[in-house]
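Read the structure below first, then the notes.
We number each residue from 1, following the sequence as shown.
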Amino acid sequence: MTLRFGIPGIPHDTSAGLGRPSARYAPAEVRKSLKWNLNRIQGDGIYDVKTGRTVPLGGAGVTGHGDVEVIGHDYVLMLEKTEVPVLRLLENGVIPVIIGGDHSVSLPGLKALHSVAEGAMGIIQMDAHLNLVDDSPVQGRLSGSSEIRRALELPRVSATNLVQVGVRGYNYPDQLAYIQEQGIDQIPAPEFSRMGPGEAPEGPLRWRHRRQGVLHAGH
């Protein structure tokens, strides 16, 4: 089966209340960079200089889908409308690759996937941050600090099917209590760097045991 990828942009950063709004410019800049790489495809392959080999693309198709409509005056409505074009891609057998935007734009994509997927749905989150804040007097409940917490409230998404890869830094103690209570798995950035991508699929359980002192040092 030939894979088809669609790239919609969500130039939205209104919920970057604790940072510097500027992620709205990312879709346009990523497209500029992507254009250079796509131009280097010959036949059905592209030369990967790092590995020294030509990577076959298997006939995969990549199409751009422009930017979704940004509704600056109504953040909640904007997130709801953003879900629609992503859902349309999924319904047509196209794998969406969403370019944000701040972290909050992940939620419409996850909700769209939840609408078309059957059975239990898992999330692999590759991020330095937890994004598990329930509510905040500054950011509210739908910010870039809360989208994973909101995704865990979807009917067929269980916290035990969430793996957070690359998390680092310091955070609130109540976040640890929530993680332990819900059974969320993590591979912190130093641990992922140590194990590498080959061992990472077994990483969450190994890291949980290591943190609890089950594994001996050096294992």
- Message: Run the side-chain contact (heavy atoms from CB on, under 4.5 Å) test on His12 and Asp102 for me, step by step, so that the C-alpha distance in whole Å, both residues' side-chain angles and the decisive distance to 0.1 Å come before the verdict.
- Response: CA-CA 6 Å; His12 171 82; Asp102 62 47; 3.8 Å; yes
- Should Asp134 and Arg141 be marked as a side-chain contact (heavy atoms from CB on, under 4.5 Å) after you check the CA-CA gap, both sets of side-chain angles, and the distance that decides it? CA-CA 6 Å; Asp134 186 26; Arg141 293 174 54 83; 3.1 Å; yes
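Using a distance-only test at 3.5 Å, with no hydrogens or angles considered, a donor-acceptor pair links the side chain of Asp44 to the main chain of Gly58. The main-chain N or O of His103 is found under 3.5 Å from a side-chain atom of Ser106 such that the two form a donor-acceptor pair. For the pair Asn92 (side chain) and Val94 (backbone), a donor-acceptor distance under 3.5 Å is absent. Arg24 places no side-chain N or O within donor-acceptor distance of the main-chain N or O of Pro11, the cut-off being under 3.5 Å. The backbone N or O of Lys111 lies less than 3.5 Å from a partner atom in the side chain of Ser115, making a donor-acceptor pair. Using modelled atom types, no side-chain atom of Thr63 and backbone atom of Gly6 make a donor-acceptor pair closer than 3.5 Å. Remark: side-chain polar atoms of Thr82 are paired, donor with acceptor, to backbone N or O of Met78 under 3.5 angstrom.
By the criterion of side-chain heavy atoms lying less than 4.5 angstrom apart, applied directly or through intervening Ile, Leu, Val, Met, Phe, Trp or Tyr residues, Val138 is not grouped with Val133; the two fall into different hydrophobic clusters. With hydrophobic clusters built from ILVMFWY side chains whose heavy atoms lie under 4.5 angstrom apart, Val84 does not share a cluster with Val68. By the criterion of side-chain heavy atoms lying less than 4.5 angstrom apart, applied directly or through intervening Ile, Leu, Val, Met, Phe, Trp or Tyr residues, Val76 is grouped together with Ile10 in one hydrophobic cluster. If you chain together hydrophobic residues whose side chains sit under 4.5 Å apart, Tyr178 and Ile123 fall into the same group. Note on Ile95 and Val55: same hydrophobic cluster, where clusters join Ile, Leu, Val, Met, Phe, Trp and Tyr whose side-chain heavy atoms are under 4.5 Å apart, directly or indirectly.
Side chains of Glu91 and Val116 form a contact here, defined as non-hydrogen atoms less than 4.5 Å apart. Between Val62 and Val97, the closest side-chain pair of non-hydrogen atoms is not below 4.5 Å. Contact check for Ile187 versus Glu199: no side-chain heavy atoms found under the 4.5 Å cut-off.
With rounding to the nearest 0.5 angstrom, the OG atom of Ser145 is 7.5 Å from the CD atom of Glu147. Note that CD1 of Ile179 is 9.5 Å distant from CG of Asp174, once rounded to the nearest 0.5 Å. Distance check: Ser143 OG to Leu107 CG gives 10.5 Å after rounding to the nearest 0.5 Å. Rounding to the nearest 0.5 Å places CG of Asn131 at 8.0 Å from OG of Ser146. The line from CD1 of Ile148 to NE2 of His129 is 13.0 Å long, rounded to the nearest 0.5 Å. Note that the CG atom of Leu113 and the CG atom of Leu90 stand 6.0 Å from one another [nearest 0.5 Å].
The shortest non-hydrogen separation linking Phe192 to Ala200 is CE1-CB, 3.6 Å. The nearest pair of heavy atoms linking Arg31 to Gly66 is NH2-O, 3.0 Å. The two residues Arg53 and Tyr47 have their closest heavy-atom pair at O-CD1, 3.6 Å. Closest non-hydrogen pair, Ala26 versus Gly100, comes out as CB-O, 3.1 Å. The shortest non-hydrogen separation linking Leu57 to Gly45 is CG-CA, 4.2 Å. The shortest heavy-atom contact between Leu110 and Ala151 is CD1-CB, 3.7 Å.
Trp36 belongs to no multi-residue hydrophobic cluster, having no ILVMFWY side-chain contact under 4.5 Å with any other such residue.
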Check residues 152-164 and write down every donor-acceptor pair under 3.5 Å in which the side-chain atom is one partner and the other belongs to a residue at least two apart or another chain.
| residue | atom | partner | partner atom | Å |
| --- | --- | --- | --- | --- |
| Glu153 | OE1 | Arg150 | NE | 3.1 |
| Glu153 | OE2 | Arg150 | NE | 3.3 |
| Glu153 | OE2 | Arg150 | NH2 | 2.7 |
| Arg156 | NH1 | Ala117 | O | 3.1 |
| Arg156 | NH1 | Gly119 | O | 2.7 |
| Arg156 | NH2 | His114 | O | 2.4 |
| Arg156 | NH2 | Ala117 | O | 3.1 |
| Ser158 | OG | Thr160 | N | 3.2 |
| Ser158 | OG | Thr160 | OG1 | 2.7 |
| Gln164 | OE1 | Gln186 | NE2 | 2.9 |
| Gln164 | NE2 | Gln125 | OE1 | 2.9 |
| Gln164 | NE2 | Leu130 | O | 2.9 |

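Counting non-hydrogen atoms of other residues, nucleotides and ligands closer than 6.0 Å to OH of Tyr25 gives a total of 12 or fewer. Atom CD1 of Ile124 is surrounded by 12 or fewer heavy atoms from other residues, nucleotides or ligands within 6.0 Å.
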